[in-house]
Amino acid sequence: MKRPAVGTIDRPLTHDPMKQAPMSPSANERPAPSADAPTARQNRNLEMQLMPEALARAHMQERLYEAEHERMALRVLTARRLQRRAERASLRARRALAMAVMQ
């Protein structure tokens with residue numbers, strides 16, 4: 001019975017690196033930096049540089065949201081005030097009409 005041809009680190013089956021089995025990384029090894037690592041680093045740096053801009057944009061959106069709500073509240077208050085004024089004018093007119101009819 002013939003054993004399958006298996007090479008070891010000390011005695012590889014072949015010295016040609018293209019014909020050797022690919023090595024798998026061990027669990028405690030860090031992976032080698034990939035070709036797109038500088039791009040990822042640049043993206044991270046770009047994100048860090050754009051953070052104040054994004055923060056300012058979020059702050060401005062919040063301020064606009066608050067201003068819009070304040071304007072809506074002022075419109076509601078104004079509408080209520082005008083409604084009360086119209087109701088008082090209506091009551092005065094009804095009283096005046098009643099007084100005119102009574103005489």
Side-chain angles (χ1 to χ4, degrees):
M1 184 163 148
K2 189 174 181 183
R3 295 175 74 183
V6 178
T8 64
I9 292 176
D10 292 332
R11 295 175 188 245
L13 194 60
T14 175
H15 290 287
D16 185 8
M18 298 302 288
K19 293 182 181 176
Q20 291 179 1
M23 294 178 61
S24 59
S26 64
N28 60 358
E29 273 186 50
R30 286 184 20 189
S34 61
D36 63 342
T39 306
R41 197 171 301 121
Q42 284 175 347
N43 286 343
R44 188 174 62 231
N45 288 342
L46 183 62
E47 286 175 21
M48 292 290 283
Q49 288 172 356
L50 294 179
M51 270 186 188
E53 184 179 333
L55 187 62
R57 189 176 299 117
H59 184 67
M60 285 303 297
Q61 284 177 341
E62 182 67 26
R63 299 274 310 268
L64 287 171
Y65 180 77
E66 289 173 3
E68 181 64 30
H69 275 277
E70 193 172 327
R71 280 193 295 270
M72 284 174 48
L74 284 174
R75 278 189 226 127
V76 168
L77 288 175
T78 305
R80 285 182 183 162
R81 191 178 327 118
L82 291 174
Q83 184 178 5
R84 284 194 301 269
R85 185 183 296 174
E87 286 172 358
R88 284 193 304 268
S90 173
L91 281 175
R92 277 196 307 269
R94 288 173 82 186
R95 273 194 219 111
L97 183 62
M99 293 294 276
V101 170
M102 293 290 279
Q103 290 180 353

All N/O donor-acceptor pairs, side-chain side in residues 50-67, below 3.5 Å, sequence neighbours left out:
unit_1 : atom_1 : unit_2 : atom_2 : d
Glu53  : OE2    : Arg57  : NH2    : 2.9
Tyr65  : OH     : His69  : NE2    : 3.2

Sequence neighbours excluded - side-chain hydrogen bond (donor to acceptor under 3.5 Å, both in side chains) pairs with any residue from residues 71-93: Glu68-Arg71
Partner residues of Glu70 under the salt bridge (charged side-chain N to carboxylate O under 4.0 Å, His left out) criterion, sequence neighbours left out: none
